[in-house]
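Each chain gets a letter, A, B and so on, in the order the sequences are listed, and its residues count up from 1.
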Amino acid sequence: MKRWLKKTAADLWKGWVGFAFQTESAHRYRLFEIFFPIVLFSHYITLVQDLDFFYGPQGLVTPAKIDDMIEMSGRFSILMLNSSMLWVWTCYLIFLGSLLCIIFGKFQRVAAAIALALHVSFIHRNVSIAFGMDLISIFFLFYLIFGAGVGHVKVSNWKTELRSLGLRFAQLQLCVIYAYSGIEKLKGISWWRGEAMWLAISNPQLGRIDVTWLSHFPFLIVLGTYLPLVWEVYFPAIIWIPAIRKWVLGFGVLFHALIAVTMSLPHFGVVMVSLYVLFLTEDEAAKILEWLKSKQFELKKRLRAAVS
Amino acid sequence: MSAKTRSSSLRWTLFTAFAIFHGIVIAVAPNPETPLGGWLKPIMKPYLNAFEFGSFWNFFSPNPGQAMYVEWELLDKNGGRVGRGMMPEFESPFLFRERQNRRMTSARYIGMAKERPSSTLGPYLCRQEKQAHAIRFWASIYPWVTIEEAASGSKKVKDLENLDRREISVHICPLAQDEQGQKK
């Protein structure tokens with residue numbers, strides 16, 4: 001019995017080490033480093049005309065009023081070190097620069113740590129404008145600190161082990177987000193009645209198109225309510241089944257594309273889909289990277305030709 | 001056991017300890033109402049606050065939220081209206097949709113509690129509109145149109161005529177407060 005327990009514990013430990021620290025992750029991680037920061041970069045670019053309004057010393061929330069909005073004990077904001085607009089711009093540009101570093105594969109870990117600190121600082125500086133996209137980004141910036149993609153593909157050392165752990169955390173995080181999002185919906189009467197989709201797309205703040213015609217097809221509304229609900233609740237389980245993984249991700253792409261188009265939430269949808277690279281196989285990720293490299297090479301060639 | 005194996009085991013143990021902690025945090029924090037969440041709260045709180053890891057992941061749940069606008073009226077010292085406005089505007093005037101989305105999120109945040117306009121929009125509008133002595137705020141909520149109402153044509157989808165307006169608060173501008181203080 002004792003020997004059996006010891007062997008089982010050793011097997012479990014070996015399995016855990018293999019799963020958490022020795023998963024080949026170089027290519028998937030590199031794609032994660034490219035796609036996610038690109039979406040975040042474009043999300044922040046849309047802030048450029050509102051920096052003064054949202055973060056300025058004379059803006060919507062003055063530094064003196066931050067404590068009225070959020071309990072700052074244990075929280076920090078680098079933006080509060082200085083209340084001038086020059087400082088806000090400095091932080092903003094450093095943030096964008098750090099995202100570019102991650103995208104182009106330069107000093108990724110350090111850049112991710114800087115980006116995370118600044119992203120959290122922007123949120124704490126004005127919590128009233130933080131929505132889903134901002135909150136999701138915190139976690140994935142955190143996971144980008146764990147490693148740098150490509151390089152050290154086969155060698156196993158603390159760097160590859162941390163990168164492997166970062167990949168697993170990021171995968172788990174996506175599962176947690178979908179699972180909670182689905183389970184929270186089960187508490188709502190509109191989801192139970194199958195009319196939540198109608199309430200969301202007929203909302204004048206979100207809906208872009210006139211959906212009155214849809215009220216004549218209630219079965220579509222019920223289907224559109226139940227399908228995403230079931231998919232979200234079961235995502236953490238079904239995403240690990242290789243045979244249906246592509247269908248699961250494909251449905252996710254469709255689901256988020258519909259949200260982006262009908263509910264005017266473009267970045268939220270794109271950021272979620274950008275994270276699907278975490279669930280590709282290493283071979284698939286390597287092929288996409290190869291394709292991206294060939295495109296980059298072509299672009300460089302064209303630019304050179306245009307310049308000369 | 002070789003030195004290399006020993007160092008690997010130690011490293012994996014440390015990584016595992018962190019993985020367990022972080023794994024529990026991200027799995028438990030979104031639902032702090034469970035006994036486990038309540039028990040772990042004091043341990044998790046510094047970590048959750050520092051990184052803002054305490055998200056609830058309640059997108060469109062438990063039910064999709066109603067559209068909310070914050071409307072205001074600028075009042076002069078005699079109580080007469082000198083201006084009005086709203087956030088966000090009914091139609092997005094922006095090229096980038098996210099600019100409107102941030103204003104929507106902010107309006108929802110401000111409209112949820114009566115003290116919030118005085119921490120945010122109130123002082124901002126007082127600085128922008130010098131003639132204003134006070135600002136009256138409303139939260140205007142779009143009433144749902146049911147599927148049946150839309151199908152029968154008795155109500156129009158996106159008809160913003162019938163917003164349910166609820167007064168949130170009146171913010172007195174600092175200049176007006178100073179004047180009142182001087183009079184006393």
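- Ion pairing of Arg166(B) with Asp164(B) is present here, as a side-chain N (NZ or NE/NH1/NH2) and a carboxylate O approach within less than 4.0 Å.
- The contact between Met87(B) and chain A is made entirely by side chain atoms (from C-beta outward), counting heavy-atom distances below 4.5 Å.
- Looking at Tyr178(A), there are no atoms closer than 4.5 Å to chain B (heavy atoms on both sides), in backbone or side chain.
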Quiz prompt | side chain to side chain donor-acceptor pair (under 3.5 Å) between Thr23(A) and Ser25(A), worked out | solution = CA-CA 6 Å; Thr23(A) 300; Ser25(A) 56; over 6 Å; no

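- The greatest number of non-hydrogen atom pairs below 4.5 Å with chain A, out of Tyr69(B), Phe18(B), Phe90(B), is found for Tyr69(B).
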Exercise. Step by step, work out the side-chain contact (heavy atoms from CB on, under 4.5 Å) result for Trp138(B) and Arg165(B).
Key: CA-CA 6 Å; Trp138(B) 290 272; Arg165(B) 294 173 98 209; 3.7 Å; yes

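- Although no hydrogens or angles enter the test, the distance criterion places no donor-acceptor pair under 3.5 Å between the side chain of Ser83(A) and the main chain of Pro57(A).
- For the set Tyr124(B), Trp57(B), Tyr109(B), the entry with the most heavy-atom pairs within less than 4.5 Å of chain A is Trp57(B).
- When atom types are taken as modelled, the side chain of Tyr55(A) and the backbone of Met85(A) share no donor-acceptor pair closer than 3.5 angstrom.
- In this structure, chain B has a heavy atom under 4.5 Å from the side chain of Trp13(A), while its backbone stays farther away.
- Residue Phe15(B) touches chain A through both its backbone and its side chain, counting heavy-atom pairs closer than 4.5 Å.
- Looking at Leu265(A), both its backbone and its side chain come within 4.5 Å of chain B, counting heavy atoms on both sides.
- Top candidate by heavy-atom pairs under 4.5 Å with chain A, chosen from Leu125(B), Ile110(B), Ile26(B), Val157(B), is Ile26(B).
- Heavy atoms closer than 4.5 Å to chain A are found in the side chain of Arg97(B), but not in its backbone.
- The pair Glu73(B)-Arg136(B) meets the salt-bridge criterion, since a charged nitrogen lies less than 4.0 angstrom from a carboxylate oxygen.
- The residue among Gln173(A), Glu195(A), Lys187(A) with the most heavy atom pairs within less than 4.5 Å of chain B is Gln173(A).
- Considering only heavy-atom pairs separated by less than 4.5 Å from chain A, the leading option among Phe96(B), Phe60(B), Phe53(B), Phe51(B) is Phe53(B).
- Only the backbone of Gln66(B) comes within less than 4.5 Å of a heavy atom in chain A; its side chain stays farther off.
- Counted by atom type alone, Thr16(B) and Trp16(A) present one or more donor-acceptor pairs between their side chains at under 3.5 Å.
- Residue Trp192(A) does not touch chain B at all, counting heavy-atom pairs closer than 4.5 Å.
- Of all the listed residues (His216(A), Glu161(A), Met72(A), His124(A)), the one sharing the greatest number of non-hydrogen pairs under 4.5 Å with chain B is Glu161(A).
- The aromatic rings of Phe21(B) and Tyr47(B) are tilted relative to each other, their planes meeting at an angle between 30° and 60°.
- Between the side chain of Glu184(A) and the backbone N or O of Asn63(B) there is no donor-acceptor pair closer than 3.5 Å.
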Practice problem: Check the pair Val61(A) / Ser119(B) against side-chain contact (heavy atoms from CB on, under 4.5 Å), numbers first and verdict last. | Solution: CA-CA 7 Å; Val61(A) 182; Ser119(B) 302; over 6 Å; no

Exercise. Walk me through it: do Phe137(B) and Val170(B) pass the test side-chain contact (heavy atoms from CB on, under 4.5 Å)?
Key: CA-CA 6 Å; Phe137(B) 287 98; Val170(B) 175; over 6 Å; no

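- Comparing Leu135(A), Val211(A), Thr212(A) by how many heavy-atom pairs each has under 4.5 Å with chain B, the most go to Leu135(A).
- Heavy atoms of Ala200(A) lying under 4.5 Å from chain B belong to its backbone as well as its side chain.
- When only modelled atom types and interatomic distance are considered, Asp134(A) and His43(A) share a side-chain donor-acceptor pair under 3.5 Å.
- Side-chain atoms of Thr105(B) never come within 3.5 Å of backbone atoms of Ile129(A) as a donor-acceptor pair (strictly under, hydrogens ignored).
- For Tyr180(A), the parts lying under 4.5 angstrom from a heavy atom of chain B are both the backbone and the side chain.
- Contacts of Trp144(B) with chain A are made by side-chain atoms alone, with heavy-atom separations under 4.5 Å and no backbone atom involved.
- Chosen from Lys185(A), His267(A), Arg75(A), the residue pairing most often with chain B at heavy-atom distances under 4.5 Å is Arg75(A).
- Only the side chain of Met263(A) comes within contact range of chain B, with heavy atoms under 4.5 Å apart.
- Taking 4.5 Å as the heavy-atom cut-off, the residues of residues 30-39 of chain B that approach chain A are Pro30(B), Asn31(B), ordered by number.
- When the shell of 6.0 Å around CZ of Phe19(A) is examined, it contains more than 12 heavy atoms from other residues, nucleotides or ligands.
- Only the side chain of Trp198(A) has a heavy atom closer than 4.5 Å to any heavy atom of chain B.
- The part of Leu116(A) that comes within reach of chain B is its side chain, from C-beta onward, which places non-hydrogen atoms under 4.5 angstrom from that chain.
- No more than 12 heavy atoms of other residues, nucleotides or ligands sit less than 6.0 Å from atom CD of Gln49(A).
- Using a distance-only test at 3.5 Å, with no hydrogens or angles considered, a donor-acceptor pair links the side chain of Arg127(B) to the main chain of Gln58(A).
- Checked for salt-bridge contact, Arg103(B) and Asp50(A) meet the test: a charged N lies under 4.0 Å from a carboxylate O.
- Classification of the Phe169(A)-Tyr143(A) ring pair by plane angle, with boundaries at 30° and 60°, yields parallel.
- With a 4.5 Å cut-off on non-hydrogen atoms, Thr146(B) touches chain A through its backbone but not through its side chain.
- Taken from CG in Leu227(A) to CG in Leu258(A), the straight-line distance is 11.0 Å, to the nearest 0.5 Å.
- Listed options Ala64(A), Cys175(A), Gly132(A), Ser202(A) were ranked by heavy-atom pairs under 4.5 angstrom with chain B; first place goes to Ser202(A).
- In this structure, the side chain of Asn157(A) engages the main chain of Thr160(A) through a donor-acceptor pair within 3.5 Å.
- With a threshold of 4.5 angstrom between heavy atoms, Lys156(B) does not approach chain A through any atom at all.
- Note on Glu71(A) versus Lys45(B): salt bridge recorded, some NZ/NE/NH1/NH2 to OD/OE distance being below 4.0 Å.
- In this structure, the portion of Ala130(A) lying under 4.5 Å from any heavy atom of chain B is its backbone and not its side chain.
- Looking only at heavy-atom pairs under 4.5 Å with chain B, the residue among Phe139(A), Trp158(A), Trp191(A) that has the most is Phe139(A).
- Looking at Arg11(B), the atoms closer than 4.5 Å to chain A (heavy atoms on both sides) all sit in the side chain, from C-beta outward.
- Ile189(A) touches chain B through backbone and side chain together, each having a heavy atom under 4.5 Å away.
- Contact annotation for Leu165(A): only side-chain heavy atoms (C-beta onward) come within less than 4.5 Å of a heavy atom of chain B.
- For the options Ala27(B), Pro46(B), Ala107(B), Gly23(B), heavy-atom pairs under 4.5 Å to chain A are most numerous at Ala27(B).
- Judged by the 6.0 Å and 45° rule, Arg102(B) forms no cation-pi pair with Phe131(A).
- In this structure, the portions of Ile136(A) lying under 4.5 Å from any heavy atom of chain B include both its backbone and its side chain.
- Contacts between Ser8(B) and chain A at a heavy-atom distance below 4.5 Å are absent for every atom of the residue.
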